[in-house]
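What you see below is based on every heavy atom in this structure, not just the backbone, and it leaves out hydrogens, waters and symmetry mates. Both ligands and their constituent atoms are indexed starting at 1 by order of listing.
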Amino acid sequence: MGFVAPAGTPLSLTDLARGAARGLSSATIVQLRRGLSAAGGRQRAWLASTGRAAMTLALTAMKQAAGDPRRVEVIFAGYTCYSVPASVQRAGLVPRICDVDPATLSLDFDSLAGVDLSRVLAIVSANLYGLPNALEEIESLAHQAGLFMVDDAAQALGARYRDRRAGNFGDVGLYSFDKGKNITTLQGGVLVADAGRVGDELDAVMNGLRDVRPTGIAATLAKLPVYALLLRPWAYGLVRHLPIGLGLTPWDVDYPLEPYSPALAGLAAVQLERLDAINGTRIANAERLRAMLMDVPGVTLPRVLPGAVPVYARFPMLVDADRRAEVISRLERVGIGATVSYPRALIDVPEVAARLPADQRPTSGAREVASRIVTLPTHGYAPPEMARQVEDIMQNAAHARR
Ligand SMILES: *Cc1c(COP(=O)(O)O)cnc(C)c1O
């Protein structure tokens, strides 16, 4: 039976061939950088091996730009990708968790009340699933407290908040080309920023990187056609039970800090040129799901903030915690790749908890999200009738509950 993978970007053979051909030209990486800085509404763009490498480099550049040894903490959302705290650790900084509001998945500033912001270097947004956080509010908090801000748009390339692009807020925006992101080359990370102090430090940090390992590039190039093939529902249905590490989120701080491979740049450029169409498909699928699920008892849909235009790398919904496992297995039985995305609130990840400051507040909102969230696929292989199937299953779950 076919199976709709939880996340991914469909790639055709033509995409792969055009991408590979364009990757041979040294002009491509320059064009890609130009396209990405435009996509972030910024003057400049830097490319790194992964999003987590990019995050580490951004925080390192900020540490150097601040030149203040007291500023050692980085604030981030209590429910976001594990790579964020891993990057904080890798940059030699101290994690501080901000709670999230389960109604919007955005940061809940109340949880920062009483925190001594003079010890904080930077605050990081999350924009999970392509839903913009209250970015202008985060930006003004950062501005008032004299903090740097990383606008983490790893899942939100193309999203907007109050007519500005995700990645445009604060000092540095971040995008990722990993497997489940808006566009993908299996790996890749992007920073966008304007010329200035942090940009100068980013130049310095990037210049200090060792070169890309050719073996790593060859392996990634070889995996691309496999990814493109396996994302197809008939193929994904065959392989999804194999132990190949699909969808795992392990704790890792030893990832390489390298430049992005120019050989991958062509495929990124091909997708970036089609970004509006790729996002348009995801938005249409998400709108169908929203319309179908809006009034189903036991389903809560995160509210889109006023002025936000999401791009839905996945579609999030909250269900009763004690029904979630059953809901996911019912969805999987009909071939829909529903997942819990990240299994825990970051405060409950032992590697993070061990490094938190003594006065870290509990994050009940993040725990609630971690226990209730289910994400649904939105990519181009999700069939239009999927929304109806999901509604059916959720209605049945609601009846079984009574
Ligand atoms: C994926 C992701 C990252 C890290 O990107 P990688 O390319 O996977 O290293 C950072 N932040 C968020 C919110 C992400 O989803």
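- Closest protein heavy atom to atom 2 (C) of ligand 1: K181 NZ, 2.6 Å.
- A cation-pi arrangement, defined by a distance under 6.0 Å to the six-membered ring centre and an angle within 45 degrees of its axis, is present between R240 and F3.
- The cationic atom of R282 (NZ for Lys, CZ for Arg) does not lie both less than 6.0 Å from the six-membered ring centre of Y312 and within 45° of the ring axis.
- Protein heavy atom at the shortest distance from atom 11 (N) of ligand 1 is D152 OD2, 2.7 Å.
- When each atom of ligand 1 is checked for a heavy atom of T50 under 4.0 Å away, the hits are 7 (O), 9 (O).
- The aromatic rings of W251 and Y82 sit tilted, their planes meeting at an angle between 30° and 60°.
- Put simply, no part of K179 is less than 4.0 Å from ligand 1, judged by heavy atoms.
- When non-hydrogen atoms are compared, ligand 1 lies under 4.0 Å from the side chain of Y342 (C-beta onward) but not from its backbone.
- Residue Q187 does not touch ligand 1, judged by heavy-atom distances below 4.0 Å.
- Those atoms of ligand 1 with a heavy atom of V84 less than 4.0 angstrom away are 11 (N).
- Judged by distance alone, the side chain of T363 and the main-chain N or O of A366 form no donor-acceptor pair under 3.5 Å.
- Note on R361 versus D99: no salt bridge recorded, every NZ/NE/NH1/NH2 to OD/OE distance being 4.0 Å or above.
- When side chains are defined from C-beta on, F177 counts as touching V190, because their heavy atoms get closer than 4.5 Å.
- Residue M55 places no heavy atom under 4.0 Å from ligand 1.
- Both the backbone and the side chain of R52 come within 4.0 Å of ligand 1, counting heavy atoms alone.
- Using a 4.0 Å cut-off between heavy atoms, T80 contacts ligand 1 through its side chain alone, with no backbone atom that close.
- Ring pair Y129/F315: centre-to-centre distance not below 6.0 Å.
- Using a 4.0 Å cut-off to heavy atoms of A154, the atoms of ligand 1 that qualify are 2 (C), 3 (C), 10 (C), 11 (N), 12 (C), 14 (C), 15 (O).
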